[in-house]
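First listed ligand is number 1; within each ligand, the first listed atom is number 1.
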Amino acid sequence: MIKDLNELEVWFVTGSQHLYGKETLKQVEKNSNEIAVALDRCSAIPVKVVFKPVLTTPDAIHKLCQEANIAKNCIGLITWMHTFSPGRMWIAGLKSLSRPFMHLHTQFNRDIPWESIDMDFMNLNQSAHGGREFGFIGSRLRIDRKVVVGHWQNPDIQSKIGVWVRAAAAWFDWQGGKVARFGDNMREVAVTEGNKVSAQIQFGYSVSGYGVGDLVAIVNSVSDHEIMDLVETYEQLYQVPEDAKGGGSLSDALKEAARIEKGMRNFLEEGGFSAFTTTFEDLHGLTQLPGLAVQRLMADGYGFGAEGDWKTAALVRAMKVMAIGMEGGTSFMEDYTYHLHPDGMKVLGAHMLEVCPSIGEGKASLEVHPLGIGGKADPARLVFDVASGPGINASIMDLGNRFRLLVNPCDVVPSDAPLPNLPVARVVWQPYPNLEVAAGSWIHAGGAHHTGFSMAVTKEHMEDFSEIAGIEYVLIDKDTTISSIKKELRWNDLYYHMAKGL
Ligand code: MN
């Protein structure tokens, strides 16, 4: 499981041709190496940027793409045309490239040297038209990709590259990724269903079900010593009430939660999984619905979906990879209940238990309370609030003939008053442009009640990610109206029906 993005690399690839002579190509190589080194050093780009020799022939381009496909840590290519690189030279390479690429449309020099510019300078610095030729062949091949335009030393440009790199890292993580499902989907629920074969073909991750008994066997093999170690960790990290300590009345419930956490962690590690689902309808042999365990596994980078929701589990995992090393957390989420007061309509997001403490503010409180659903013993869970700031909700749906990624930015706001009787972690937010249009649009788009919620990942990450994944991207934002989104959805239906023939 990827934990450090610096283990990964993106290759910096420069296109040219032989027409310019050795001297010019030497200079092209020197300049592009300088750009690659600068991008490698800049903090906005979290992976290694590896300089590759300038490409001047179809064979060299094809060979490099083949190498990228099998390189262990190469998540994609940043392509740049310093000079003119005829587009047909790229056809074989780009057709065979299985890694994503982005097009950096930059120029080595920022400014035109008005006083000294001559034809030698013009021959060397041809990005303005070289990038257009390369752009044509990408569009002619119908390859979706990010195009970043501007000078490579500009922090905004570096940040846009960094966003794409994070999306590419999440995509890389999905390839061969494994999602474990403990139990099936919640009975009769529609939106959490979907075609797992289609998902594996489109996204690269596999989803496999396990009888909860397989998990219970591992949970039951956890030793008392391991349980006590974990309980000690809980007492250090969280506010633990007195009656959950020592021989207190809730201490057995806490030990049981620790046993479940350790067992789940062992199961996921042994199987090489990076995401998982549970369901409260299938807990045979588990004394509690896993709450604390799920929360802590999510905090360690696992994707999660409740009620068998494997699409959201994989999405949360992807968002967690994108967010590695960034401020702000990422969690499984559900639009739970509304505040419809005309002075400021907002959403209270939560779940039965499973909200990731990476988004929490301050020291979480570890509590044991009854659960009004599932008919099991009282589960342990972390309870916390979330500090104000910008966030997003994202959802992936299976529409039968395609997947749609739906994204809605929001502002996390304080609750109007403390919530002393609410025994779960919660977030309060105002979606853009407002709750009326956001929820209306979300519903027209068929968005799920489950989401990946993040205060680190932005709509730009998600747009880049959907482009790499080759799926529909629908954004509900400041300019959205119900009328505009209805049209967009209708047009998209038509587009995706016809797109196979384009
Ligand atoms: Mn749910």
Side-chain angles (χ1 to χ4, degrees), residues 179-194 196 207 209 212 260 264 275-283 286 288-299 302-320 329-338 347-360 369-376 378-384 386 391-398 405-408 410 419 422-429 431 438-439 442-443 445-454:
V179 181
R181 308 174 70 222
F182 301 119
D184 203 346
N185 290 62
M186 182 178 164
R187 286 184 279 280
E188 305 284 11
V189 175
V191 76
T192 60
E193 289 285 356
K196 296 191 278 290
V207 184
V212 74
I260 294 171
M264 271 191 147
F276 66 105
T277 69
T278 59
T279 173
F280 65 89
E281 285 179 338
D282 190 355
L283 295 172
L286 292 178
Q288 310 172 3
L289 172 65
L292 178 62
V294 170
Q295 291 179 295
R296 284 174 44 81
L297 286 162
M298 255 196 284
Y302 285 95
F304 172 75
E307 291 105 39
D309 189 349
W310 51 271
K311 293 193 300 299
T312 303
L315 179 64
V316 169
R317 169 62 189 163
M319 292 168 79
K320 281 193 172 283
T330 298
S331 179
F332 171 73
M333 188 56 65
E334 179 167 306
D335 295 71
Y336 220 104
T337 199
Y338 285 148
V347 183
L348 189 150
H351 205 257
M352 281 187 280
L353 307 167
E354 311 92 332
V355 178
C356 178
S358 66
I359 62 172
H369 300 282
L371 192 68
I373 197 163
K376 286 280 171 174
D378 302 351
R381 82 291 304 272
L382 295 169
V383 180
F384 52 85
V386 176
I392 61 164
N393 274 295
S395 170
I396 284 189
M397 297 79 70
D398 183 344
L405 177 64
L406 180 61
V407 174
N408 184 205
C410 64
L419 307 155
L422 187 65
V424 289
R426 58 282 178 139
V427 201
V428 181
W429 69 76
W442 191 274
I443 285 167
H449 53 290
H450 287 167
T451 60
F453 169 85
S454 182

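Inclusion of His449 in the first shell of the Mn ion (ligand 1) is not supported: no N, O or S atom falls under 2.8 Å. Among the atoms of Asp309, no N, O or S atom is found under 2.8 Å from the Mn ion (ligand 1).
In this structure the side chain of Thr330 reaches within 4.5 angstrom of the side chain of Lys320, judged on heavy atoms.
The aromatic ring centroids of Trp429 and Phe453 lie less than 6.0 Å from each other.
For the 3.5 Å distance criterion, the side chains of Thr451 and Asn393 qualify, holding a donor opposite an acceptor.
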- Message: Assess the residue pair Val424 and Val383 against the criterion (side-chain contact (heavy atoms from CB on, under 4.5 Å)); give the C-alpha distance rounded to whole Å, side-chain angles, the decisive distance to 0.1 Å, and a yes or no.
- Response: CA-CA 5 Å; Val424 289; Val383 180; 5.7 Å; no
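Between Glu307 atom OE1 and His450 atom NE2, the angle centred on the Mn ion (ligand 1) amounts to 80° (nearest 10°). Expressed to the nearest 10°, the angle at the Mn ion (ligand 1) joining NE2 in His351 with OE1 in Glu334 is 90°.
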